[in-house]
Structures are given as structure tokens and as C-alpha cells.
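Computed from a predicted model, the values in this text were never measured in an experiment. Just so you know, these numbers use all the heavy atoms, side chains as well, and skip hydrogens, waters and symmetry mates.
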Amino acid sequence: MEQLNLKNSDFEPLEKKHEDAEKIAGESTSFWKDAWRRFKKNKLALAGIVVIVILGILSFIGGPISGQNYYENDLIGSNQPPSAEHWFGTDSLGRDMFARTWYGAKISLFIGLMAAFIDLIIGVIWGAVSGFFGGKIDEYMMRIADILYGVPYLLVVILLMVIMPQGLWTLIIAMTITGWINMARIVRGQVMQLRSEEYVMASQSLGASNSRILFRHLVPNTLGPVLVTLTLTIPNAIFTEAFLSYLGLGVPAPLASWGTMSSDALPALQYYPYQLFFPAFFICLTMLAFNIIGDAMRDALDPKERK
Amino acid sequence: MNWKKWSLLLALVFAMSIFLAACGGDDSSSNEGGDDTDTAEEGSSGEEGDSGETALADDQTFNVNIKTEPPSLHPGKASDTTSSAVLDQIFEGLTRINQDGEPENAMASDIQTSEDLTTYTFTIRDGATWSNGDPVTAQDFEYAWKWVLNPDSPDTDYAYQLYPIKNAAEAKAGDVPLDEVGITAKDDKTLVVELAQPTPYFLQLTAFHTYYPVNKNVVDGKTEWATDVSENYVTNGPFTMESWAHKDQIVLKKNADYWDAENVKLETINMYMVEDENTELQMYKNGELDWAGSPTGSIPLAAIPSLKEDGSLNISPKAGIYYYSFNTEVEPFNNVNIRKAFAYAINRQGIVDSITKGEQQPAMALVPPSIFEENKEGYFEDNNVEKAKELLEKGMEELGIDKLPVVKVTYNTDEGHAAIAQAIQDMWRENLGVEVELNNEEWNVFLDTMGEGNYQVGRMGWIADFNDAINFLEIFQSVGGNNYTNWENEEYSALLEKSRTETDPDARREILREAEALFMEELPLAPIYFYTNLWLNKDYVKGIEVSPMGSFNLKWGYIAEH
Amino acid sequence: MARYLLKRLGFILVSLFFIVTITFFLMQAAPGGPFASERKLPPVIEQQMNEQYGLNDPLYQQYFDYLVNIVQWDFGPSFKYVGQSVNDIISRSFPYSLILGAEAIFLALSIGILLGVIAALKHNKFGDYFAMVIAVLGISVPSFILASVLQYVFAVKLEMLPVARFESFAHTILPAIALATTPLAFIARLMRSSMLDVLNSDYIKTAKAKGLNERIVTYRHAIRNAILPVVSYLGPLVVAILTGSFVIEKIFAIPGLGNEFVVSVTNRDYTVIMGTTVFFSVLLLVSILIVDLIYGLVDPRIKVAGKGDK
């Protein structure tokens with residue numbers, strides 16, 4: 001074996017970059033891989049995902065497989081209990097409840113996901129920036145949020161419904177116009193708390209840029225509360241739509257959502273309970289699924305729980 | 001992991017059981033109202049023969065829902081049915097609409113009419129007193145009416161109810177001094193009223209709340225006397241107001257000083273303000289209300305079939321029409337044949353049977369059958385699809401189009417309106433092959449849209465103020481006001497003017513029929529159905545009738561022993 | 001501290017000014033007016049009504065008049081309820097909402113925190129699942145459905161409680177439960193999640209390692225820190241319960257302020273809309289301020305002065 005001759009000159013120091021120092025902290029992919037590995041272990045959460053996926057698929061194929069459509073009236077066959085022809089029965093206009101339930105699923109899920117998504121984006125950025133920089137920026141950003149929050153929500157919704165053409169997007173925009181504030185406040189609270197943690201200081205003293213600290217360290221560490229909030233934003237959006245339906249401001253007919261369906265069925269509670277049962281049951285099931293997923297994600301993403 | 005499965009199961013079982021608890025055994029509870037009735041009662045709670053024979057209950061308390069806070073309990077300011085329902089019990093006009101729907105003498109003991117039907121002389125009843133003991137005088141009426149017609153009096157939206165009186169409209173506009181209005185108190189007991197033209201239904205109007213007197217000595221110079229119960233809130237009706245908890249509850253007590261007090265049986269009336277109709281029904285079933293539905297509340301649509309089945313639902317005709325207004329200025333509804341095609345292609349019986357379910361009359365005319373009995377049949381055949389197709393073809397030819405544009409139906413947001421609109425959308429699509437778009441709007445936006453004529457087809461309704469055909473026909477005499485159709489017709493207007501000077505009732509009726517026939521030939525709107533009153537009352541509630549105008553007199557009501 | 005408070009109060013006033021301005025003009029932009037009715041008024045009368053309520057004045061004048069009145073805490077007369085002032089309406093209806101809201105907040109906070117703590121302490125054990133089942137049920141059922149079902153089961157079927165209205169404590173039980181359920185579930189989950197975070201943190205482990213009594217660790221250290229996210233939720237909670245009570249107030253026929261607000265919007269009762277908006281905003285802004293102060297007290301890391309310490 002040949003002797004390896006090494007001189008000092010064979011070595012040269014690497015250029016010292018703060019980024020590199022930072023990179024040693026760990027591979028980002030492994031964090032998510034890790035999370036996924038832990039998430040997979042939670043069978044209940046997987047069941048939740050399966051439920052959501054099935055609901056999602058049924059929302060597209062539910063109508064067609066029953067051979068009925070969601071809008072066709074049959075005044076003679078109104079208020080029929082579930083039967084071989086109408087699997088979930090018919091409503092007060094004789095429309096097939098099965099087809100309507102899945103059509104409603106599409107609308108409700110869309111509203112929930114869309115509203116949650118918009119809330120998430122605006123809320124997290126706003127809250128994180130505000131919480132991290134603190135001082136004047138925080139002050140102003142939070143005041144703007146307060147002002148928006150102080151405008152009664154319902155008035156905004158009604159006015160927007162009036163000024164803008166009535167429809168799905170009006171509803172979503174009206175809902176998110178103040179909906180993100182909650183998220184922003186929670187993220188801000190977390191960021192303010194985390195910002196004085198040692199690892200942030202460490203990273204700062206290593207010269208990491210603000211945006212790096214913010215989006216690399218702080219935001220991922222707020223994921224726990226954010227996910228909990230998020231899994232509640234989806235039901236909240238679906239609820240708000242239902243609440244608005246109760247006021248007659250839900251999605252306009254002949255569109256149908258679970259919210260409008262349950263609020264339409266409410267007066268019939270004692271007479272045709274199945275009309276309320278199906279939309280309400282699927283609202284519950286959806287909420288349940290989202291919550292279980294949210295919890296599981298929280299457990300999986302929380303680095304502190306890594307053993 | 002086991003626990004997780006368990007808890008999921010638990011959650012579902014929980015949810016299910018709440019539902020099952022909610023659904024189970026509704027038969028037993030929904031029967032309550034109709035237990036003792038052998039057949040479905042139609043129309044009346046106090047069938048003839050009942051009165052006088054039934055023993056009175058010791059507790060003469062009547063609980064009813066009036067839905068909302070009455071916007072005003074000032075007879076001159078009130079302009080809505082809730083306020084009216086309260087005022088009708090605590091005030092009294094010169095006349096009162098009796099159980100048969102006819103005006104009878106109330107504050108007036110004698111009424112003289114001149115030959116030409118334009119001068120009325122009322123003699124105020126002896127023993128007519130205010131609740132503070134003052135006698136009711138002719139001056140009280142003169143003061144009350146002229147106050148409403150004073151251009152400076154605030155919140156007098158219903159002043160136009162007084163417009164049949166000579167110079168009333170002119171005085172309200174400020175063009176004529178109040179002294180020249182045809183209202184004169186000759187002495188304490190004699191009131192002379194001159195009308196602008198013969199008004200055959202004037203004695204119905206004098207029973208209306210805008211025509212009620214106020215106690216001049218007490219309220220003159222006070223602006224806010226009617227906003228709360230106080231020593232200034234002096235009334236002259238069968239009941240007095242005991243308390244008024246705003247937005248919550250009004251309590252009325254029998255007025256011992258009322259001239260006809262011996263015929264007033266109820267001692268206490270609790271008027272609750274419960275907005276939600278389901279809650280109202282639940283309270284009725286739970287025995288917290290003795291009455292639910294018309295005229296002051298409403299019955300949830302979904303509950304109607306089962307209430308009808310168990311025989312507890314009361315139904316009586318109401319002088320009102322539900323219709324779809326055509327905007328006669330926009331294509332294609334500027335063509336009469338197209339309008340007819342759309343009107344004929346509606347299956348009214350289907351709508352009434354399956355959606356509104358309250359035994360409403362399909363409307364193929366404008367004036368309700370309670371006024372023109374012939375209108376049970378109407379001017380055309382319901383659901384005449386063949387004829388509709390023919391007319392559509394003809395109309396399209398006249399317009400020179402071979403395809404109908406998308407038609408937009410506008411209505412205000414409401415479960416019932418939406419259901420009807422969707423059904424009609426379906427009928428037009430199927431029968432006429434036309435694409436129909438639905439546009440629902442919030443109430444105020446809707447009124448704005450309609451008022452600006454920014455629509456093609458719009459839902460509308462009209463409920464009579466008084467029981468006369470002119471009340472329906474004159475809406476369409478000219479464009480504007482409540483006529484959203486943009487339709488006017490000289491011949492039609494001339495007929496109505498002619499009817500106003502006709503003093504012979506039969507000849508007048510003929511003229512009005514002629515006008516209606518002309519209207520139905522032009523058809524600026526598609527009539528859908530004539531309204532009905534729907535209500536529930538406990539079996540022991542007797543002597544209360546719901547009038548076709550949607551009001552009731554509790555004066556004659558009583559609670560039978562039970 | 002005094003200076004900080006003063007500054008915050010100043011911000012509240014600025015916020016209120018913006019809110020008043022935004023709502024005023026948004027409201028004016030909405031179609032329809034307070035005297036719109038299916039039965040059209042004769043134009044002469046409508047004109048007189050507009051004159052009497054100052055609606056014929058130019059918009060800027062209406063706006064300035066309104067600002068001046070608001071500074072004097074005078075919200076003007078209601079357009080719909082003749083002779084009633086908006087101040088009257090607020091002062092008669094707010095107590096109902098307040099009592100109901102207080103009951104609901106008490107329920108939501110006490111039970112929500114309790115469930116959250118139990119769930120965290122018994123992580124992945126029966127207690128956890130039991131608490132979370134309740135929480136999940138709570139957020140799964142929309143309040144108006146829950147309220148109707150509760151009303152039907154407990155009042156109509158079982159006849160245990162009154163159906164509706166607000167006369168005694170018994171009348172408030174169902175609406176308070178219906179109103180509290182969603183926030184209760186939210187708080188329980190929030191509490192569980194943050195309690196778990198805290199229990200896993202080093203200082204708790206240290207405290208335990210030092211042999212501190214388990215109970216003391218839980219109560220003195222863990223809960224106090226874990227409650228922070230719940231505290232930051234308090235402001236929105238108060239407003240959500242006060243305004244969100246609208247549906248509950250409607251179902252149970254309670255003459256509260258939430259109901260008043262929604263009715264006024266459909267009526268275009270401008271002064272009532274503005275009055276309730278301003279009132280709710282004041283309530284909200286003050287409760288946010290209080291929450292911030294409490295936040296500062298419970299979490300020493302956050303300086304009340306809010307100065308950037310970077």
C-alpha cells in the first residue's frame with residue numbers, strides 16, 4: 001500500500017459562509033419525510049384522509065351514479081323518504097337528495113378549502129411579519145387588523161353580497177376579508193413567543209437573514225397552532241356559509257351547499273328528519289375527518305415530539 | 001389505537017342518538033292541536049252555535065305571537081301589519097269590521113250618507129270614552145286625521161290612506177291649508193266628512209287604524225306620547241295596554257270603561273315577539289301560545305302537510321294575490337302574446353298543491369274570488385301548454401325572432417319564493433323551451449331593482465287594504481307607485497275613472513269587471529295564486545275570526561272551559 | 001404604563017374613526033333605503049320623510065353631522081321604530097346579549113380549558129379521547145342545527161325547559177349551551193395543543209426532574225404558560241359570542257343586540273346599523289386592549305410597552 005503523502009498545502013480552508021453554517025442544522029427534506037413517516041403510523045388519521053378523499057370523489061361522481069340530478073323538480077314526488085329510486089329521499093321540491101348531497105359536498109368543500117387557503121396565506125404572512133419585527137411595524141399591522149376586525153363581519157358580508165354579483169366567490173371573499181385576522185393573531189402570538197428562544201438568537205448571531213429566520217425557523221415552529229387553527233378554519237368556513245344560509249345569504253339557488261340544505265331542512269326537522277340528517281351528518285363527518293387529520297399532522301410535525 | 005376507534009364510534013353514536021331523539025315519535029306531539037276535532041275545521045275557530053253555549057274558562061288569558069316589535073303604536077304613524085294588529089285591539093274607529101267582514105258601527109252610533117255618496121255624517125256614540133275617562137269627541141277624530149295630513153307631522157307614511165277625503169292629498173303636499181280639508185267637527189258628537197268623490201268602501205276605511213281618533217286634550221303638543229306605556233297613552237278600544245317591553249312582549253288588559261265591555265270576554269292578552277316561525281310552532285305545541293300563524297305569525301312551510309293531515313290547520317281565503325310581474329318595456333315581454341304564453345305555461349295547481357300547500361286558489365285573474373266570486377274560474381285555463389306554445393310562436397313571429405333570449409326571474413330571498421321560482425323555471429324550460437335564469441336579491445336591493453325597472457320577470461304580491469276590487473285594479477292605472485310592469489292603458493284608466501263616479505253598486509261592479517277583463521287581455525303580469533290565511537288555534541280558543549285582509553278582532557274572542 | 005394606556009386609547013379612537021367612516025360609506029353605497037317598502041309611498045310623502053330624517057342633505061353633511069353626534073355618544077333616532085332612539089335600543093337589548101354571552105363565555109372557558117388540560121395530561125389515554133370526542137362533536141354541529149335540536153329535544157319532547165324567550169335562568173340554559181359549544185370545542189383543542197407543547201418543554205422536564213410535586217408543576221408552570229393562546233383568543237371570542245348570538249337569539253326569541261343588528265341591516269335602518277356597529281367596535285377594541293394587558297401579565301416575555309426589543 002502506498003503511503004499517502006499529505007502536506008498542509010493540500011488543504012485549503014473552505015470559504016466561511018453564514019449560510020453554510022446554517023445548513024449544517026439539517027436537511028429540510030428529512031423533516032417532512034420524518035413527519036410523513038410518523039403521520040403514516042396514525043391509522044386513524046389515514047382513515048380521515050380516506051374519508052375526505054372519498055367525499056371528494058363522491059362530490060364529483062355521486063350525482064351521475066344515482067342517475068339523478070340535483071336541480072330537477074318533481075312536485076308530485078316531494079318529501080319522499082329514502083327509497084330505491086331516491087337513495088336519500090327527496091326534498092320539498094321533489095329533488096333527489098342523494099344527488100344534492102354530493103353536489104352540496106362539492107360546493108361546501110370548495111368554500112371550506114378556498115377560504116382556509118386564503119386565510120392561511122394572508123394570516124401567516126401578516127402574523128409572522130408583524131410578530132417578528134415587532135415595534136412600529138407590529139403596531140401598525142395589528143391596528144390595521146383591528147380596524148378590519150372592528151367592522152362588523154355581517155355588515156361587510158351583506159354589503160359585499162349587495163355590491164358584488166351574488167355568488168360563490170362573493171361569499172368566499174366576504175368570508176375571508178376578516179377571516180384571516182384570527183390566524184394572523186395566533187401566528188403573531190406564537191412568533192413573538194418564539195422570537196426570544198435561544199435557537200433564534202443563535203441563528204441571528206450566525207447572521208441568518210430575517211426572512212430566513214422567519215420562514216425557516218419561526219413559521220415552521222408555529223405550524224402546530226396554525227394547523228389546529230387551519231383544521232378549524234375549514235369547518236368554520238363551512239359553518240359560516242351555513243350560518244349565512246340561515247339568514248338567506250348563502251349560495252344562491254339552484255346552487256346547493258350542505259349549509260343551505262340543512263338550513264332548508266330545519267323547519268322540517270320533526271316531519272322529514274332525513275332531509276336534515278344527510279347534510280348534517282356529512283358536515284359532521286367532514287369536520288371529524290379534518291380534525292383528526294389536523295391532530296395527526298400536529299403530532300407528526302411537532303419536532304419536539306421526536307423521540 | 002383501540003381507544004381511538006372507540007371514540008370515533010362514540011362520536012357517531014352520539015350524533016346519531018341526538019338525531020334519533022329528535023326524530024322519534026313526532027306523531028304523538030303533533031296531534032295536540034286537533035285532538036278533539038272530528039273533521040278538519042275550515043275557516044273558523046268559533047263555529048256558529050258554539051258561542052253562548054260553551055262555558056267560559058276561569059282564566060281568560062290569550063297568548064299570541066306578533067313576530068316583531070311593532071314599529072309604531074301611534075295610529076297616525078303606524079304603517080305595517082304588526083302595529084295594526086296591536087292597534088286594532090286597543091283603539092277603535094268610527095266603524096269596526098265585524099266577524100262577517102262587514103263594517104259595523106263602533107265609535108259612531110249613527111252614520112248618514114248623502115245622495116251623491118260624498119258626504120258622511122257620523123254621530124259619536126254616547127258612552128264612548130277614553131281610557132282616562134274623557135269622552136271621545138268628534139274633535140278627537142278631526143284632530144287625529146288633520147294631524148296626519150299636516151305636512152310637518154313626522155313619520156306619517158300612511159297619510160295616503162286618508163286621501164279619499166276632499167283636499168287631503170293637496171293638504172299633505174302643502175298646496176292647500178288644512179282648514180280646507182273635508183273634515184269638520186260640527187259639535188262634540190257630530191263629525192262631517194266630505195270626500196273627493198264617491199267612495200263605496202269608505203266605511204271600511206274608517207275601521208282602519210289611520211282613521212282612529214287620538215285624545216286631543218292629552219296628546220296635543222306632545223311628540224312622543226305613543227312610544228311607551230304612560231299616562232299619555234290613552235286609548236278607546238276594547239283593551240288597554242298594560243305594558244310594552246320592547247322587542248319582547250306586550251300585555252293588553254280588558255278595558256272596563258269600553259262602551260261594549262260586557263261583550264268583551266278576554267281579560268289578558270299576551271303578545272309575544274317571536275320572530276322564528278319554527279320557534280313559534282314549538283311554543284304553540286308546548287302550550288306557551290294559544291294561537292300560531294295568521295294574521296300575526298306564520299306557519300313553517302314544512303309543517304303544513306302534517307298539520308293538515310291531523311286536522312289542526314285552519315285555512316281561510318285572504319284578499320291577496322301572488323303574481324309574476326312582466327317588465328313590458330323589455331323584449332320579449334313587450335309582446336302581449338309572449339306574455340300570455342308565459343302566463344299560460346304555468347301549472348298553478350301544481351304549485352299550490354306541492355309548494356305552498358295552503359289550499360291557495362290558483363289565480364287566472366287579478367281580483368281575488370273573495371271580492372269577485374267569478375274569479376274562481378278566472379279568464380284563462382290553468383296550465384294550458386298547447387295554447388301557450390301557439391301564442392309563443394305567434395309572439396316570436398311578431399317580434400321577428402326565432403329564438404327566445406335567456407329570461408331572468410328576479411325575486412327576494414326567501415325559501416318559499418325560491419321554491420316557486422325554481423318550479424316555474426322548470427315549467428317554462430319544459431313547456432316553452434326557454435332558458436330561465438334565477439336571480440334572488442336581498443329585500444331592499446330587490447325593491448330597488450324592481451323600482452328601477454331593471455328586471456324582466458319579477459315576483460310581486462298585493463294584499464288588500466280594504467275589501468274592494470278597486471284596491472287591486474287601481475295599482476295599474478298608471479306607471480309608478482306599486483305598478484312595476486311599466487304598463488298603462490288609456491281605456492283601462494278611463495274605465496277606472498268612470499267607476500269612481502258611479503254611485504250604483506251593480507253598475508260600478510260591471511265597470512270594474514270590464515276593466516279587469518281588459519287587463520287580463522293585456523296581461524302585464526302572470527297571476528299565480530290567491531293567498532290564504534293559515535293558522536292553528538287551541539280548541540278552547542273561540543270567537544276569533546281572521547279577516548280576508550289579514551287581521552283579527554280579539555274583541556269577540558274568549559277561552560272556553562277546558 | 002400610563003403612557004402606554006393613553007397611546008392605546010388614542011389608537012382605539014383612530015380605529016373607531018376609520019370604522020365609522022368605512023361603515024358609513026359602505027352603507028350608503030348599498031342599494032335601498034330605510035323607507036323602501038313593497039307598498040310604494042306617494043312621492044310627496046317619501047320626500048317629506050327623507051327631509052325629516054335629513055336624508056336630503058348632501059352626503060358629506062350627513063357624514064359630519066353624524067360624526068359630531070357620535071362624539072357626544074348620541075346615535076340618533078331609529079328610522080324603523082318610530083320615536084325610539086338608537087341609544088334606547090342598545091341599552092335595552094345589550095343586557096340580554098351580555099347575560100347570555102357571559103354565561104356562554106363562562107361555560108366555554110371553564111369546560112373548554114378543563115377538557116383541554118385533561119386531554120393533555122391523559123395524552124393518548126381515555127381521558128384524551130373522551131375530551132376530544134366532545135370537542136369534535138362541538139365543532140361538528142353548526143350552532144343553528146344544535147340549537148334547533150336542543151330546543152326540540154329538551155323543550156318540546158322532554159318538556160324540561162322552556163321553548164324560547166328570556167324570562168328566567170331556565171330560559172337561558174339552552175341558548176347558552178348552544179352558543180358556547182363551538183367556542184368551547186375550539187378552546188379545548190387550543191388548550192390541549194398548547195398544553196402538550198408546554199408539557200414537552202425543557203423547563204417542565206427540569207421541574208419534574210428536580211422532583212417538584214406533579215401537581216405544582218401542572219398548575220403553577222404548565223397551565224399558566226399553556227393558557228396563552230387561549231388568552232389571545234379571548235378578544236375574538238367575546239365578539240364572536242356577542243354577534244354570533246344572532247342566530248341563537250333568533251331561534252330562542254331573545255331580544256338581544258345581535259338580533260337587533262341583523263334586523264337593522266335588512267331594514268336599512270341606517271342609524272341603528274351605525275350605532276350597533278360603533279358599539280360592537282368599541283366593545284371589541286376595548287376587549288382586545290384588555291386581552292393584550294392580560295397577555296402581558298401572564299407572559300413576562302412580552303413587554304406590554306410593545307417596543308421592539310430587537
ask   = How far apart are the closest heavy atoms of Y272(A) and P305(B), and which atoms are they?
value = OH-CG, 3.6 Å

With a 4.5 angstrom heavy-atom cut-off, could you sort out which part of [X] is near chain A: side chain, backbone, both or neither?
X       : result
D276(B) : side chain
L281(B) : side chain
Q282(B) : side chain

remark   = Sorted by chain and residue number, the side-chain hydrogen bond (donor to acceptor under 3.5 Å, both in side chains) partners of Y323(B) (sequence neighbours excluded) come out as none

Spatial distance of atom CG (L307(B)) from atom OH (Y271(A)) [nearest 0.5 Å] = 4.5 Å

ask   = Between NZ of K357(B) and CG of N79(A), what distance do you get to the nearest 0.5 Å?
value = 4.5 Å

